[in-house]
Amino acid sequence: MSNLLEIQDIHTFIGQYHILQGVSVEVPAGTITALLGRNGAGKTTTLKSVLGLTPPRQGRVVFNGRDLRGLRSYEIAALGIGFVPEHRAIFRALSVEENLKIAERRKGDLQKRQEMIFSLFPDLERLIRLSGGNLSGGQQQMLAVARALVPENHLLLIDEPTEGLAPVIIESMMKAILHLSADTTVVLVEQNFLVASQLAEHYVIIEEGMSVKQGKMADLVNDPDTIRRYLGAA
Amino acid sequence: MNGLLVSLRKNLALWIIMGVLLALLIMAIRGMPTKDWVITLLRSFSAGAVIFLVASGFSLIFGLLDVLNLAHGTLFMIGAYLGWTVFVRPDTFVDLLPLGALLGSGFMLGPVWESLSLASRLPERLRRILPWMGLAAAVAILLYVLPHYPITAWDLDRYDASPVTYAYLADQGLFVPPEPEKFEGMAPALGLATVVFASLLATLSLTSLTQPILAAEVRPKMRWQPLAAFAAIVAVGLLIFAFNDALTNFLLGLNTTWLFFIAMLVASLTGFGLGALMESTLIRPLYSRPIYQLMLTLGLSAMGIELVRAVWGRPEFTMPKPALFSGSGDGCPATTLAGWLEHQCSTLLILDGRVRVYNEIFIPLVGILVLLAVWILLKRSRLGMIIRAGVQDRQMVEALGINVKRVFTLVFGLGVGLAALGGVLAGPSTGLGSAMGDTVLLNALIALAIGGLTSYPGAAIGSLMVGLLQQFIIKYGAIGIPIPFTDIVFKPTPPLVPASTVLLMVIILLVMPNGLLGKKE
């Protein structure tokens with residue numbers, strides 16, 4: 001099986017802070033890979049480094065066989081990478097429809113996929129005219145995921161999709177992610193180990209800016225020592 | 001009805017303030033005879049429209065780019081002087097056109113330069129020094145060529161050929177263009193080619209300076225469009241140079257109303273270009289350093305003022321009104337719109353008040369048109385959608401695959417273009433002087449503080465309020481306010497005009513710290 005995304009020993013600085021000090025991740029095509037680790041370990045920065053939002057100073061990121069060094073964020077995204085940021089960063093001043101429309105890379109992207117999107121998130125169709133700022137937390141998170149589905153993406157980077165959501169909504173969010181992973185590769189940052197272990201086939205543990213362990217999720221679930229050591233909870 | 005109640009409860013402070021201000025306005029209106037308040041209202045719209053043109057651009061730029069462009073007032077002034085030049089000295093304008101086209105031609109090749117500078121495998125040190133040397137060489141070449149380049153212009157040292165005189169002559173319809181200049185001591189072909197060369201050298205150097213140094217293997221694809229654009233703009237420049245006299249005579253023969261619209265268009269487009277150039281070369285390296293941006297724009301503002309003084313001189317002068325708004329004599333002042341159109345009067349009688357058509361009707365009209373046009377652009381177009389989204393979260397917009405940098409350049413250009421348009425509009429009503437930019441920028445900042453810094457409707461409401469307050473105080477300065485129960489008639493003095501707007505701003509900010517329509521940070 002070939003890797004869709006390869007992160008090779010990247011070092012990223014934010015200002016003068018050396019945030020990532022050697023992260024390597026291999027993401028096989030067609031799977032869900034979970035980035036695990038404590039708060040502040042560098043999981044979000046890893047996603048942003050792939051997208052060039054915080055470009056790595058050393059190391060390289062290879063997507064679909066292409067070296068992403070030197071490309072600007074918008075060029076990287078246009079290669080087919082969707083991003084669902086943490087804290088439901090939808091555009092509050094835009095309506096639900098505009099939030100989806102702005103993600104179009106080609107005219108008609110939204111029209112082509114809206115049926116699929118609305119079947120995953122039926123609420124959004126009902127709220128289409130509402131402005132993003134008036135949605136509830138769960139609806140905003142659905143919109144953030146839906147937005148990443150509008151253009152044709154080969155890879156989705158999803159940051160903390162279940163953070164602060166009610167259990168019912170977490171469940172439908174998980175269903176949606178499982179559904180869309182059928183034809184898209186996903187990299188998932190998830191604090192909730194229960195959620196991550198049910199969704200992902202592969203895991204990578206990031207600790208203090210370094211990737212310390214990676215492998216099959218099935219093995220990690222049966223390894224309480226590792227879970228306790230790096231994730232603090234069983 | 002229900003929605004209204006909810007909005008009332010949510011924005012109680014806003015509605016109370018609006019209510020109080022409206023009551024004050026009605027009181028102010030009732031204290032005047034009809035003809036006075038009609039004129040004062042119209043003047044307020046006029047002043048508000050000019051302030052709005054500056055404030056809206058300023059707020060667009062600040063909202064999306066987080067840049068406080070303190071040079072905005074100066075760019076407004078430069079717009080006014082450019083418009084004046086097109087309107088009063090079309091021959092000078094036609095002389096400048098090819099020069100501008102040839103100088104700007106290099107910018108069309110931006111993408112080509114980018115791929116070249118990325119591909120360069122020069123040693124690090126050379127790569128740092130070469131662009132500066134290139135830039136210096138380009139400036140040296142231009143300094144040598146430009147004195148030979150033929151530009152028929154005014155002469156600040158001779159009163160009978162100064163801008164003041166030309167403004168007067170144009171107003172009287174007595175302008176006869178002086179003998180056109182020719183290339184002196186230099187073959188025209190060589191001169192033109194040198195200008196193009198200098199432009200290529202300068203833009204290549206600028207691109208290498210502002211581009212981050214990237215790995216050589218990442219090479220953008222070469223495209224043919226930039227080359228075509230470059231060839232087209234050089235061709236246009238050369239054509240205009242060749243048919244200079246014909247174009248000049250055509251412009252001189254035009255009705256001045258058309259000429260005025262051309263002046264508005266040219267100033268706006270030049271403003272757009274200046275803004276785009278400023279953003280992509282000077283502002284872009286400073287995005288992470290807000291204090292430096294402030295110092296840069298403040299410095300540019302001072303430089304702009306000195307430049308205007310050096311080129312157009314220190315004495316203030318006015319811009320003549322276009323023919324449509326300058327008629328007098330038979331049938332004037334007109335009493336109906338049809339009568340006004342027939343005689344093209346400068347004044348119109350409305351409810352017994354003599355209204356100056358240009359100042360008090362045309363300017364507000366243009367202001368409203370621009371307000372609507374930009375509103376539609378923001379609400380209906382994809383660019384507007386990106387701008388509104390980018391105001392909140394630039395990174396996320398970029399992560400969607402949108403080239404935010406290019407949008408930044410566009411918005412900066414748009415903002416400056418609006419200011420320049422405002423400058424041209426203000427020319428015939430308030431006149432041209434090197435202080436005009438500072439005054440309008442101050443008013444625009446107060447208007448934005450009142451309305452909310454990044455809110456587009458806020459900019460409109462704030463500008464209108466500043467206009468109303470100033471004009472009513474000016475009018476009451478003439479007729480006086482009788483103080484109840486006394487014999488005293490209070491006449492506000494001129495210094496109270498700016499002071500009153502600041503006072504209004506302070507009161508509103510005390511109640512609503514984000515302005516009337518501003519978002520909470």
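Residue numbers start from 1 in every chain, and the chains themselves are labelled A, B, ... in the order their sequence lines are given, proteins ahead of strands.
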(request) Please list, chain by chain and in numerical order, all residues satisfying side-chain contact (heavy atoms from CB on, under 4.5 Å) with A:Thr54, sequence neighbours excluded. (result) A:Thr12, A:Ile14, A:Thr45, A:Lys48, A:Ser49
(message) Quick check on A:Ile76 against chain B: is it the side chain, the backbone, both or neither that has a heavy atom closer than 4.5 Å?
(response) neither
(request) Taking all heavy atoms of A:Gln139 and all of A:Leu124, pick out the closest pair and write down the distance. (result) O-CD2, 4.1 Å
(message) Heavy-atom pairs under 4.5 Å with chain A - which of B:Ala389, B:Ala399, B:Gly390 has more of them than the others?
(response) B:Ala389
(message) Under 6.0 Å from the ring centre and within 45 degrees of the ring axis: does the NZ or CZ of B:Arg388 meet both conditions for the six-membered ring of B:Tyr456?
(response) no
(message) What part of A:Leu51 gets within 4.5 angstrom of chain B, counting heavy atoms only: side chain, backbone, both, or neither?
(response) side chain
(message) Report which part of B:Gln392 has an atom under 4.5 Å of a heavy atom belonging to chain A: side chain, backbone, both, or neither.
(response) side chain
(request) Name the member of A:Ala93, A:Gly82, A:Ala77 that forms the most heavy-atom pairs with chain B at distances under 4.5 Å. (result) A:Ala77
(message) Using a 3.5 Å distance criterion without hydrogens, assess whether the side chain of A:Gln21 forms a donor-acceptor pair with backbone atoms of A:His18.
(response) yes
(request) Would you tell me whether B:Trp113 and B:Ser208 have side-chain atoms, one donor and one acceptor, within less than 3.5 Å of each other? (result) no
(request) Select one option (side chain, backbone, both, neither) describing which atoms of B:Val397 are under 4.5 Å from chain A's heavy atoms. (result) both
